[in-house]
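In this text the structure is predicted, and so the values were computed from the model without any measurement.
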Amino acid sequence: MLACLFTAIKIRAMRYLFLHRIHPSFIIILFSIGTIVGIILGFVFELWIFNSPIWLFVSLILLIINFRFPLAATLCLAILAGIIIGSFRISLDIGDRQYVAQFFEQDVKVTGIIYEDPETDGGTTTLRIGNLTFGDEQQSKAVAGSLYVKFYGRKNLERSQKITLSGKLFTGFGSFVGAMYNPKLLETSYPDPPDLALGFRNNFANLVRQFIKEPEVDLSLSYLLGQRRTLPGHLLDALKIVGLTHVIVASGFHLSTLVGLSRKLFKRISRSAALFGGILLIFIFISIAGFTPSMARAGLVSGLSLIAWFFGRKFHPVKLLLIVASVTLFINPFYIQDLGWLLSILSFTGILIVAPISTAYFYGETKPSFVANIVITTMAAQVYCLPLLLFLFGTFSIVSIFANILILPTIPATMLLTFIAGVTSFLPPVAGLIGWLAAKLLAYHIFIVEFFSNLTWALVEIPTNNPWLLLSYVLILLPLIYMQRKTKFRFIDFNMIE
């Protein structure tokens, strides 16, 4: 009798477990996980079977069935749909990479568009070009992916220019399909229509330069626009030593600052104004800075968080990270090999997970000050990136935390003063005063950076490629689990836009 009762209860429990309805968000998350898994599987095993468009329809049908019958028992369909579409997406790029591989160690002719600001360092010019076409007009083939190009000498080139190169093609690295070193520059042309965002940025930078002198103006423009190509080499090296390169590269730091500011300003008008103002700022900044892997991730995170804030909803950080990772990998599956993309995902993991738990543990219900919030957020992002950086490069800045604490709280003010100096350029007395104030802050930043970078013990070197360094992520996770249980912090209550 008891055995029969136990069996009946077990059957009812299993039926409830598999047949109860689940929230559609779980379908989206599992589809995102499946997409990431599919891209990884396609990358490792080169699953050519998924290179047919028919798999798109199969994936779509599975998703429709899952949304039509949102039951626990059908969640496997969402994962399967994601694996299929992820494998299909990477199979397209693998085919192009196989095509490019046949030209390695041979002279080729390549045409492409510069999609990031050229970098000049030590008499060299480095380019990243996309929209690749191999061959000449008589016989050419468009190829997905990007090409790494390095010239030995300075070249007067800009983002958005179309260039034609001739030279030996070498094996690529990271997300690059190939690399060329000191090729012949056969032809250059400007886009038609022109890149309006780039033109606006350059014109605005010229206005700012009238009221802030070098090298302060170069640092201010890198803060505001992520434009670091004009930074003096010694200052760029010093910023690397003290661990402040994250503030001179267009990234989530810039977007979160701009979006947070726009929300506070436009919210006084209406929530709709705050939403559209924030979305517009995200679009403008990405257009100005360029569509890089880190900007794709940062724009998506900021945009989704802003939309969730508008509708009174909140993303669980883990769900948000999975969605962002799957979408950006779908845009370019080989971002999974890109260090910039990996670091951007890790930094946002720190911002969305480590920072709120640490804040709840140390401050409880009390809201931290503006300065404390910036320091906690930045340190959380750096802590999550540190093991990977140590594994790859083997250097660690002991003074990083001190330099960040002394500089980060004043960066938003510096960005605002720089922006006002450019906007009020038609009023030279006003712009001159604002520019003077910005220059004083920037001179303080340069003093701090140079002081710490000149300390002989500022940078510590350790052996690279040590697997124990990656295992140190476990050491980061353990105190987080303790703090989360101690505070009973609910991630769903956290929104980076607030």
Side-chain angles (χ1 to χ4, degrees), residues 36 39-48 51 86-121 124-136 140-153 155 157 159-186 249 290-297 325 328-345 388-389 391-393 464-465:
I36 297 171
I39 287 172
I40 294 173
L41 291 176
F43 175 78
V44 174
F45 299 107
E46 298 186 3
L47 303 176
W48 292 100
N51 64 358
S87 300
F88 165 77
R89 176 63 186 89
I90 196 170
S91 69
L92 301 178
D93 284 7
I94 286 177
D96 284 344
R97 289 187 173 236
Q98 292 293 336
Y99 172 81
V100 173
Q102 66 181 312
F103 299 115
F104 289 157
E105 303 296 332
Q106 299 181 31
D107 288 330
V108 296
K109 185 177 181 182
V110 185
T111 300
I113 296 175
I114 304 171
Y115 65 85
E116 283 190 37
D117 288 321
E119 295 181 9
T120 55
D121 183 23
T124 64
T125 303
T126 302
L127 307 177
R128 294 163 176 81
I129 63 175
N131 299 93
L132 304 176
T133 301
F134 282 74
D136 51 27
S140 62
K141 177 177 173 60
V143 173
S146 56
L147 190 68
Y148 178 88
V149 180
K150 189 168 189 176
F151 290 101
Y152 301 117
K155 298 291 183 180
L157 297 170
R159 195 186 81 204
S160 299
Q161 277 188 290
K162 185 176 182 179
I163 62 174
T164 301
L165 307 170
S166 176
K168 184 170 287 189
L169 183 68
F170 295 91
T171 304
F173 57 92
S175 61
F176 297 108
V177 298
M180 299 181 79
Y181 299 95
N182 208 34
K184 293 181 181 178
L185 183 59
L186 301 179
V249 179
F291 193 76
T292 63
S294 59
M295 286 309 299
R297 182 269 309 155
T328 51
L329 284 178
F330 188 82
I331 293 172
N332 185 346
F334 285 90
Y335 277 165
I336 203 166
Q337 289 183 295
D338 187 277
L339 180 60
W341 182 85
L342 290 171
L343 290 175
S344 67
I345 291 294
L388 179 61
L389 290 173
F391 177 79
L392 295 174
F393 303 110
T464 59
N465 299 321

Check your understanding: Checking side chain to side chain contact (heavy atoms under 4.5 Å, CB included) for the pair I114/L157: CA distance, chi angles, key distance, verdict?
Key -> CA-CA 9 Å; I114 304 171; L157 297 170; 4.0 Å; yes

Study note, to complete from the structure: On a heavy-atom basis, the closest approach of D107 and K168 is OD1-N, 3.4 Å

Point to revise | side chain to side chain contact (heavy atoms under 4.5 Å, CB included) between Y148 and L127, intermediate numbers included | key: CA-CA 6 Å; Y148 178 88; L127 307 177; over 6 Å; no

Practice item. Apply side chain to side chain contact (heavy atoms under 4.5 Å, CB included) to the pair F176 and Q337, showing each step before the final yes or no. Key: CA-CA 9 Å; F176 297 108; Q337 289 183 295; over 6 Å; no

Check your understanding: Any side-chain heavy atom of I163 within less than 4.5 Å of one from I129?
Key -> yes

Review point. Between atom CD1 of I345 and atom OH of Y335, what is the distance when rounded to the nearest 0.5 Å?
Key: 11.5 Å

Check your understanding: Once the angle between the rings of F103 and F134 is folded into 0 to 90°, is it parallel (under 30°), tilted (30 to 60°) or perpendicular (over 60°)?
Key -> parallel

Exercise for review: Can you measure from CD1 (I90) to CG (N332) and round to the nearest 0.5 angstrom?
Suggested key: 9.0 Å

**Study point:** Neighbour count >12 (heavy atoms, 6.0 Å) for atom OH, Y152
**Key:** yes

Review point. So do V108 and S166 actually touch side chain to side chain, heavy atoms under 4.5 Å?
Key: no

Exercise for review: Kindly indicate whether a cation-pi arrangement holds for K141 with Y99, taking the cut-offs as under 6.0 Å to the six-membered ring centre and within 45° of the axis.
Suggested key: yes

Point to revise | Under 3.5 Å donor-acceptor, Q102 side chain and Q98 backbone | key: no

Practice item. Search all heavy atoms of W341 against all heavy atoms of L329 and return the closest pair with its distance. Key: CZ2-CG, 3.7 Å

Check your understanding: Do R128 and Y115 come within less than 4.5 Å of each other through their side chains, counting heavy atoms only?
Key -> yes

Review point. Is the backbone of I331 close enough, under 3.5 Å, to the side chain of R89 for a donor and an acceptor to pair up by distance?
Key: yes

Check your understanding: Taking all atoms of both residues into account, what is the closest heavy-atom pair of M180 and V110, and its distance?
Key -> SD-CG2, 4.2 Å

Review point. Is the closest side-chain heavy-atom distance between V100 and L169 below 4.5 Å?
Key: yes

**Study point:** Exercise: identify the closest heavy-atom pair between P118 and T125
**Key:** CB-CG2, 4.2 Å

Study note, to complete from the structure: OG of S146 to CG of L132, rounded to nearest 0.5 Å, is 7.0 Å

Exercise for review: I would like to know whether I94 and F334 meet side chain to side chain contact (heavy atoms under 4.5 Å, CB included); could you show each step before the answer?
Suggested key: CA-CA 9 Å; I94 286 177; F334 285 90; 4.1 Å; yes

Point to revise | Where L165 and F151 come nearest, the two heavy atoms and their spacing | key: CD2-CZ, 3.7 Å

Practice item. Compare all side-chain heavy atoms of F393 with those of L339 and state whether any distance is below 4.5 angstrom. Key: yes

Review point. Distance from L389 atom CG to T464 atom OG1, nearest 0.5 Å?
Key: 12.5 Å

Point to revise | P333 to D93 - nearest heavy-atom pair and separation | key: CD-OD2, 3.3 Å

Practice item. Please lay out, stage by stage, how T164 and T111 fare under the test side chain to side chain donor-acceptor pair (under 3.5 Å). Key: CA-CA 4 Å; T164 301; T111 300; 3.2 Å; yes

Review point. Would F170 and Y181 count as a close aromatic pair, with their ring centres under 6.0 Å?
Key: yes

